[in-house]
Chemist: 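Input: one structure, supplied below.
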Amino acid sequence: MSMSPTIMSLDALAALVPDGAKIAVPTDYSGIAMAATLALIRRGVRNLHLVSVPATGLQADLLIGAGCVAVMETAGVTLGEYGGAPRFNEALRKGQIKVLDATCPAIHAALQASEKGVPFATLRGILGSDLLLNRPDWAVIDNPFQQGDKIVALPAIRPDFALFHAPMADEAGNVWIGHRREQMTMAHASKAAIVTVEELRPGNFLDDPLLAPGTIPSIYVGGVAEARRGAAPIAMWGRYPIDDAFMRGYAEAARTEAGFSRMLDLLMEPQKAAAE
Amino acid sequence: MSMSPTIMSLDALAALVPDGAKIAVPTDYSGIAMAATLALIRRGVRNLHLVSVPATGLQADLLIGAGCVAVMETAGVTLGEYGGAPRFNEALRKGQIKVLDATCPAIHAALQASEKGVPFATLRGILGSDLLLNRPDWAVIDNPFQQGDKIVALPAIRPDFALFHAPMADEAGNVWIGHRREQMTMAHASKAAIVTVEELRPGNFLDDPLLAPGTIPSIYVGGVAEARRGAAPIAMWGRYPIDDAFMRGYAEAARTEAGFSRMLDLLMEPQKAAAE
Amino acid sequence: MGAEYTKKELLITVVARLLQGCGHIACGASSPIPGAAALLTRARSNGRTRVTVLGSEKNNFFTNGGVELFDIAGEGRLDAFFLGGGQIDGFANINLVGTGGTYPNNDVRWPGSFGSAYLYFVVPKVILFREEHTRRVFVPKVDFVSAPGVSEPGVYRPGGPKHLVTNLALFDFDPKRIRFTLVSVHPGHTVEEVLDNTGFDFDRPAMVPVTPAPDAQTLAELRGSIRPEIAETYPRFAETAFAA
Amino acid sequence: MGAEYTKKELLITVVARLLQGCGHIACGASSPIPGAAALLTRARSNGRTRVTVLGSEKNNFFTNGGVELFDIAGEGRLDAFFLGGGQIDGFANINLVGTGGTYPNNDVRWPGSFGSAYLYFVVPKVILFREEHTRRVFVPKVDFVSAPGVSEPGVYRPGGPKHLVTNLALFDFDPKRIRFTLVSVHPGHTVEEVLDNTGFDFDRPAMVPVTPAPDAQTLAELRGSIRPEIAETYPRFAETAFAA
């Protein structure tokens, strides 16, 4: 088997994403495509509609701070134990981005609706919350099987791209995600997954009964780039921990725009060096 | 770690199922718990509501022929290249069982609704078919996000048990199903999965990053029994092929009640011998 | 002149012509001829065509369970699929459930509707495939509609029937006029034979062409690379379907 | 008299008492005290209690992605969960979104509602946990309802708030009366302190008991087996939360 044409460089991957694209990104423990995110920032992408699945942190804060984001659809944006997300919070205060506040299972369910090709999902809960009041794109419908039972209907979320980092891809463009199944749903729900991996491997994972269960078939994958330590400074499960020093520094410095720029430059350094 | 109390004998497993239970069973290529099915027939279970996920064959035909089934909810009952399912067809002709004719994705979607704890699923298609006419338990609702767009609503299917055969279970009661993901959905959707496996293994699959992605966690599992060649005479993927001679014989003989009894006895023989 | 070929080789060739250019083709259970046609299409696609053969381990990339075929079709990622029917009528309605007596207690019960009531709506190119061409199969009106050939305005229906292939002939289906048109009659058969054995009206040109026979290169491909590929799922078919 | 213990050890013990008998307990992000309490409950359950700690690799059996926590809760397979809030009011409404200014352009923005707007409805025993006990947190009415404490009749709501644990006290919540009741005040604190620092009305008995301190055996368990278990997910917490 020859190398799939979907296997490309990090910059080629970033070039797939046009301004205004709707992009789904996973939560921090699930594989953050940080190297690809920095490539997007470097190429100056604008007006992204970012959907966090279901929450996000540094990745969204960097994109927002760099002016790449128009809409943030999320159940939570936080640096976790390092504190609030300073650029997200500031952008909201100043009204620079639109926020679509959601709840975790609503984002999952709306992606699953897209995965199934149905126009909407239903979900328990939410009724009586101010989330519902502020989401005119959501609806309340009747359960046709039980008189008087109201339930929230959520329109399917169909991102242009699912963007995430995974342990490995094979030369056919299949991506092994292991038990991080939310990446499978994100890939299915999106028009195309664009993925960075710690390593490219020969062969075809689908032929291996131990690898196949944790593999996203290439039909869902629009691009794959190798990016070693591609999630850093965020942790990659089973590989490397979060960069504690960077995160502490960022949480403090990014409270100001100047401090944010300094931290972003710090992250860009190695990439710039590699590109030269 | 000690052996989970959910690990039991085949007869103990069969004893978990009361008369009248709603049981989901997979399609032939996905792991049929035939040994457990014979144990159910031996103990004389009655009035089962069988849900095939989404189609079925010999397993349902045996249960119907043995008088164990009251309701058959299915997208298809067939012996595949061996022909129609003789006992199913005869029982319908004589009005001995109730059939709930469905379409494959409707069964999948209704199980996924149960898995999510929502009261119903929606699905494209079906409109204008006689399936819909004959399923007063289904409804047609309005898509709240698009004027004039009708869509079928399917009440969640919540089986009492999902019954299937898998390659292996560990001593904690976790079940490895590999890429046969429909078994995962069946387990999630049901009150409990009852499972036979080719082999019990020490350890905990969830600790192994290669096994975890294809593993059903024990919280969904109500009982596990070891049953080597537990799918025979149906094939078990990666292990053994279908028993061609038996299937030819069955397709021919089971056209009559007497012939069916003979074939059932033939299947029961090894189990009786083992039990003595 | 022309090479010797079997009827099944002819049908594979006819179906493969209809599949040209499809990105993703899936074949359901008990569909060896559509399966072989899909594999032939893939072999000629220079890597652009994907094939999913249900029941195959090799030609099936799904890792999300049995639902994935339907999900992928619902998303528009499946371009072509095959359906048959115990009965098919001139409105392209299909019946996979039964006939005679009163549903559900039919005199003749077939397996059931499988995925038809869904895939017929969402897959852009559905090819109706039924070898037996008799008035028993091609009826004026089916006894049970497993899946309707056309839908009312407003019903979400990006897909539907496009062609009908039988042992005798190839038809196209026009959903606007809700009618089949005879496209060609297979070598050795006549328009009269088709008329005699079809229980519904259909359109036809003044001169009905003969279905082109498979050329030598196609036959070599079928007997060379396709035969072992389809044998993985349909060993008995592979033994008998091909000449030489 | 009694052993020396930290405030966090006390809170773990208080929460663990509330969890007794639960079959499956889950703890969300940034919840070290609930996490430790759940692990303590499990250690004492003789194998009957399961614990899911989000963010843990060891204490997390999910194999169906991030959705599985919510699915399992929706199915009724999750007995207890923890929620907090930047603001919590006397109707048990919680606000995880922000305060000051006008939503969405709040002066103070918190991370967001996470799973609260769902889990608060479907998990039978939701324990509100917030260490800071001030009028800034415990307000007469929250500025934004991430999830309401109670629902109108007819709304599907098998779950909801049952208890509230803070640095100062333990409360129960009665959804029929839509009011909190003070159950006990932690050692070293007073009812007056609780009154002074709570911005909403609540009920209380004439004599408010003191929250029982952890006994020696519990402290030994916490410092012995629980501490290394919780350290997997919360290493810094494990370093500082425990005495001795």
Side-chain angles (χ1 to χ4, degrees), chain A residues 1-7 110-121 156-160 162 166 169-193 204-222, chain C residues 22-27 38 41-43 45-81 115-124 126 151 154-160 225 229 232-233:
Chain A
M1 177 172 292
S2 60
M3 206 70 124
S4 162
T6 57
I7 295 168
L111 289 170
Q112 288 177 310
S114 171
E115 177 181 39
K116 289 200 85 60
V118 290
F120 62 95
I157 299 176
R158 189 154 187 84
D160 297 302
D170 65 24
E171 59 193 2
N174 302 303
V175 177
W176 189 77
I177 56 164
H179 69 306
R180 297 266 53 114
R181 200 83 190 173
E182 53 276 349
Q183 297 189 338
M184 184 81 80
T185 308
M186 287 168 59
H188 289 181
S190 301
K191 292 179 193 160
N204 188 314
F205 298 159
L206 297 177
D207 296 337
D208 180 336
L210 282 181
L211 291 178
T215 295
I216 300 175
S218 60
I219 193 172
Y220 301 103
V221 180
Chain C
C22 286
H24 181 200
I25 306 160
C27 311
T41 306
R42 181 176 67 183
S45 76
N46 199 17
R48 287 188 309 274
T49 297
R50 256 172 224 273
V51 171
T52 300
V53 177
L54 294 188
S56 163
E57 288 290 327
K58 277 195 189 151
N59 290 301
N60 186 331
F61 60 79
F62 293 145
T63 58
N64 204 34
V67 77
E68 193 170 358
L69 171 70
F70 305 103
D71 285 356
I72 218 169
E75 283 189 305
R77 297 194 213 244
L78 177 58
D79 301 302
F81 194 75
S116 65
Y118 178 75
L119 295 172
Y120 215 24
F121 286 76
V122 297
V123 178
V126 175
S151 296
V155 170
Y156 179 85
R157 185 142 196 187
S225 64
E229 283 190 306
E232 182 228 343
T233 314

Chemist: What are the two closest heavy atoms between A:Ala189 and A:Pro159, and how far apart are they?
Modeler: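 Scanning both residues, the minimum pair turns out to be O-CD, 3.7 Å.
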Chemist: To the nearest 0.5 Å, how far apart are CD1 in A:Ile216 and CG in A:Leu206?
Modeler: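 That separation rounds to 11.0 Å.
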Chemist: Among residues at least two apart in sequence or on other chains, which ones pass side chain to side chain contact (heavy atoms under 4.5 Å, CB included) with C:Ala73?
Modeler: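 Testing C:Ala73 for side chain to side chain contact (heavy atoms under 4.5 Å, CB included), a comparison that skips the adjacent residues, returns C:Leu78, C:Leu119, C:Val122, C:Val123.
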Chemist: With a 4.5 angstrom heavy-atom cut-off, could you sort out which part of A:Ala156 is near chain C: side chain, backbone, both or neither?
Modeler: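 Neither; nothing under 4.5 Å.
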Chemist: Quick one: closest heavy-atom pair of C:Phe81 and C:Cys27, and the distance?
Modeler: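 Looks like CE1-C, 4.1 Å.
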Chemist: Check A:Gly173 against A:Ile7 and note the closest heavy-atom contact, atom names and distance.
Modeler: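 Taking every non-hydrogen atom into account, N-CD1, 4.4 Å.
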Chemist: Using only distance (under 3.5 Å, no hydrogens or angles), which donor-acceptor pairs connect chain A and chain C?
Modeler:
unit_1	atom_1	unit_2	atom_2	d
C:Arg50	NH1	A:Ser218	OG	3.2
C:Arg50	NH2	A:Ser218	OG	3.1
C:Thr63	O	A:Arg181	NH2	2.8
C:Thr63	OG1	A:Thr215	O	2.8
C:Asn64	OD1	A:Arg181	NH2	2.9
C:Glu68	OE2	A:Tyr220	OH	2.6
C:Asp71	OD1	A:Lys116	NZ	2.9
C:Glu75	OE2	A:Arg158	NH1	3.0
C:Arg77	NH1	A:Lys191	O	3.3
C:Arg77	NH2	A:His188	O	3.0
C:Arg77	NH2	A:Ser190	O	2.6

